[in-house]
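Numbered from 1 within each chain, the chains take letters A, B, ... in sequence-line order.
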There are 2 protein chains.
Amino acid sequence: MNILEKITQNQAAFSKSEKKVAEVILANPQTAIHSSIATLAKMSDVSEPTVNRFCRRLDTKGFPDFKLHLAQSLANGTPYVNRHVDENDSPDEYTNKIFESTMASLEVARQSVNVNVVNRVVDLLTQAQKISFFGLGASASVAHDALNKFFRFNVPVVYFEDILMQRMSCMNCSAGDVVVLISHTGRTKSLVEIAQIARMNDATVVGITSAESPLAQECSYVLSLEVPEDTDMYMPMASRIAQLTLIDVLATGFTLRRGNKFRENLKRVKDTLRGSRYEKRGD
Amino acid sequence: MNILEKITQNQAAFSKSEKKVAEVILANPQTAIHSSIATLAKMSDVSEPTVNRFCRRLDTKGFPDFKLHLAQSLANGTPYVNRHVDENDSPDEYTNKIFESTMASLEVARQSVNVNVVNRVVDLLTQAQKISFFGLGASASVAHDALNKFFRFNVPVVYFEDILMQRMSCMNCSAGDVVVLISHTGRTKSLVEIAQIARMNDATVVGITSAESPLAQECSYVLSLEVPEDTDMYMPMASRIAQLTLIDVLATGFTLRRGNKFRENLKRVKDTLRGSRYEKRGD
DNA sequence: TTCAAGTTGTAATTTTACTACATTTGGTGT
DNA sequence: ACACCAAATGTAGTAAAATTACAACTTGAA
């Protein structure tokens, strides 16, 4: 944990002299890491052992160790924190906040991914007779994106926005078909029903959804992503991004499993797009 | 500059004993920052002054200062690097690589966003009579997502996948309409044509695309995102994510500009979804 | 071979951090 | 209000760590 934050938080628990030290350090941490314990003591107007005791209170071995921690905190430069957008934010502020909290969410999501399930699902997908991607609302565009990716793989892949089409498609499923259902909450009724229908028709159902949700319970495999969602905004933001990244992971796993020849095929698909594009100068 | 890299680069310029020190430090920098000069000297099988000289050669004031620099380098650890997926990667490896390179790309994208243009575009969007989002291929799902977001704002918003529908829709544009075109490369012919059609019909055209591309040249405003794309994979990955995040930024700017009452309205829109969902236990 | 420049080590010195103990402060109960 | 105790702080001495000065060794060119 960041030692600067730690100082700020524990500030109340410090003694009078320790508070002085904390103040001086927080006011100018850059100076602090380049000072000896004597200089810092003088700056804080306390004795050297007080500074030493201050360091130990923060669970460091002593002053040099404390400086090391401090140096690391400063280097980190507040990595990516989930800072919420505020009403009075300037465009510059909300732009940075959104990018940063998206990155922070991806970090959290990354840690929550169960790699074993990813591997198993990639297995399934490579062997599937037909792959379907369904999602509703904000997750529809994620399914749409998945279609785009897997379509390039030259495998039978299906995507519908329409609930009835989704249902009908699942009715026609058979063993060997994989249905991937995407929903952040996992509580959308119609999607849960679709999971049931697909399973009744022997399809394997993969859920990209919240763990232990009603949808998750109907799935054969669940890829759950723990994403802290900014509920102030009333719309999904980070969860979609995490879902998309997971789709990227699955797609990548798919191509890796299929091997070299398959990737050459991908390149061919991409080359066919060339006719629809303006050439880049110098190509 | 990162001192670890500096050690690696200068390695040739070091003397025999200094190389020993460099080796030991590079092999286990975590240990190094927690060792005294004596221990490190013993580990490297050299004398203490040699270690000290080594530190000075790297433009530090001495051993303690060197440790500080080292600690900072380790903390920095180049947070998220764009590491390419390798053929022999395990599921664990490629999952982490993809998440990390996505985060790295977002960081690059964040720095390349022109906030002034963002602000101007938010202006335009809030005043628009009608907003259209068009993209093709991988960018179609981004446009789809934008539809989803802006639809909640209760503004006239349009999205088509079909090229002909896109063209017809642009034919019917008039002053006050905003057309947002999404394309990573900015070289897709039909999208460039759509930009021209929209502009001919007095619409304002915003491009979320590569700077100085043919598409960018046809746009009234360009939101360019510099995203390092992994060309090995032959499919767009990070660029979509950056585009989506930018859409989030625009949507957020939109709601902020519209003020408090508007956000209450958003909440109402969200609440109407409740009927279609299973309640969360404890709600 | 010899000398000089560069490299490395030894030992002394200085700086820095830490410990043990003494003093002070502030609060509590009588 | 006073005595007493515990916590907090400082002083002075000690140990450890880093640095310096200098001596010894290596290496390569004349």
Side-chain angles (χ1 to χ4, degrees), chain A residues 3 6-74, chain B residues 3 6-74:
Chain A
I3 199 135
K6 206 168 178 177
I7 297 175
T8 321
Q9 284 177 12
N10 288 30
Q11 210 149 11
F14 290 145
S15 75
K16 211 185 342 173
S17 309
E18 283 168 348
K19 271 179 199 153
K20 286 197 225 167
V21 181
E23 250 175 66
V24 171
I25 290 172
L26 288 176
N28 208 337
Q30 274 300 340
T31 315
I33 57 170
H34 291 111
S35 313
S36 71
I37 195 167
T39 1
L40 197 60
K42 203 169 282 174
M43 284 198 289
S44 318
D45 195 31
V46 298
S47 70
E48 298 184 23
T50 300
V51 175
N52 194 283
R53 282 188 280 261
F54 170 85
C55 298
R56 299 222 171 135
R57 195 171 291 273
L58 292 156
D59 301 316
T60 62
K61 285 187 182 176
F63 184 69
D65 189 41
F66 168 79
K67 284 209 288 190
L68 246 43
H69 280 266
L70 191 57
Q72 294 196 319
S73 301
L74 291 175
Chain B
I3 199 134
K6 207 167 177 179
I7 297 175
T8 321
Q9 284 177 12
N10 289 29
Q11 211 149 13
F14 291 144
S15 73
K16 210 183 341 170
S17 308
E18 281 169 348
K19 271 179 199 153
K20 285 197 226 166
V21 180
E23 248 174 69
V24 171
I25 291 173
L26 289 175
N28 209 337
Q30 276 298 342
T31 313
I33 58 171
H34 291 113
S35 311
S36 72
I37 194 165
T39 3
L40 197 60
K42 202 169 282 174
M43 284 199 289
S44 318
D45 195 30
V46 297
S47 70
E48 299 184 22
T50 302
V51 176
N52 193 281
R53 282 188 281 262
F54 170 84
C55 298
R56 301 223 168 136
R57 195 171 292 274
L58 293 157
D59 301 315
T60 62
K61 285 185 182 176
F63 184 68
D65 189 43
F66 169 78
K67 282 209 289 190
L68 246 44
H69 281 266
L70 191 57
Q72 294 197 317
S73 301
L74 290 177

Inset, instruction - Figure out the CG/P separation between L68(A) and dA17(C), and round it to whole Å. - result: 12 Å

Legend entry - S17(B) side-chain N/O to dT8(C) phosphate OP1/OP2 under 4.0 Å: yes

Legend entry - Minimum-distance nucleotide (side-chain atoms of P64(B) versus dG9(C), dA17(C), dT19(D)): dT19(D)

Legend entry - Which residue lies more 5' along DNA chain D, comparing A38(B) with E48(A) via nearest heavy atoms: E48(A)

Legend entry - Whole angstrom value for the distance that separates C1' of dC18(C) from CG of D65(A): 14 Å

Inset, instruction - Indicate whether OP1 or OP2 belonging to dT8(C) is found under 4.0 Å from a side-chain N or O atom of S15(B). - result: yes

Inset, instruction - Mind calculating the distance between CZ (R57(A)) and C1' (dT9(D)) to the nearest angstrom? - result: 12 Å

Inset, instruction - May I have the distance from K67(A) (atom NZ) to dA17(D) (atom C1'), rounded to whole angstrom? - result: 12 Å

Inset, instruction - Report the nucleotide, chosen from dA18(D), dT9(D), dA12(D), that has the shortest atom-to-atom distance to any side-chain atom of P49(A). - result: dA12(D)

Inset, instruction - Answer yes when R53(A) and E18(A) have at least one side-chain N-carboxylate O distance shorter than 4.0 Å, and no when they do not. - result: no

Legend entry - Nearest-nucleotide 5' precedence on DNA chain D, I37(B) against K16(B): I37(B)

Inset, instruction - Would you mind reading off the distance between L40(A) atom CG and dT15(C) atom P, rounded to a whole angstrom? - result: 19 Å

Inset, instruction - Return no unless some side-chain N or O of R56(A) is found under 4.0 Å from OP1 or OP2 of dT19(C). - result: yes

Inset, instruction - Nearest whole angstrom, please: distance from the P of dA8(D) to the CZ of R53(A). - result: 10 Å

Legend entry - Whole-Å gap separating C1' (dT16(C)) and NE2 (H34(A)): 16 Å

Inset, instruction - Give the intermediate values and the outcome of side-chain contact (heavy atoms from CB on, under 4.5 Å) for residues F54(A) and T50(A). - result: CA-CA 6 Å; F54(A) 170 85; T50(A) 300; 5.7 Å; no

Legend entry - Under-4.0 Å side-chain N/O to phosphate OP1/OP2 contact, N52(A) with dA17(C): no

Inset, instruction - Flag the pair Q30(A) / H34(A) as yes when at least one side-chain heavy-atom distance between them is below 4.5 Å, and no otherwise. - result: yes

Inset, instruction - Using a heavy-atom cut-off of under 4.0 Å over every strand shown, decide if V46(A) touches base, sugar-phosphate, or nothing. - result: sugar-phosphate

Legend entry - Non-hydrogen side-chain atoms of I25(A) and F66(A) separated by less than 4.5 Å: yes

Legend entry - OP1 or OP2 of dT19(D) under 4.0 Å from side-chain N/O of K61(B): no

Legend entry - Presence of T50(B) side-chain N/O under 4.0 Å of dG9(C) phosphate oxygens OP1/OP2: yes

Legend entry - Side-chain donor or acceptor of S35(B) paired with backbone N/O of T31(B) under 3.5 Å: yes

Legend entry - Spacing of F54(B) atom CZ relative to dT19(D) atom P, expressed in whole Å: 14 Å

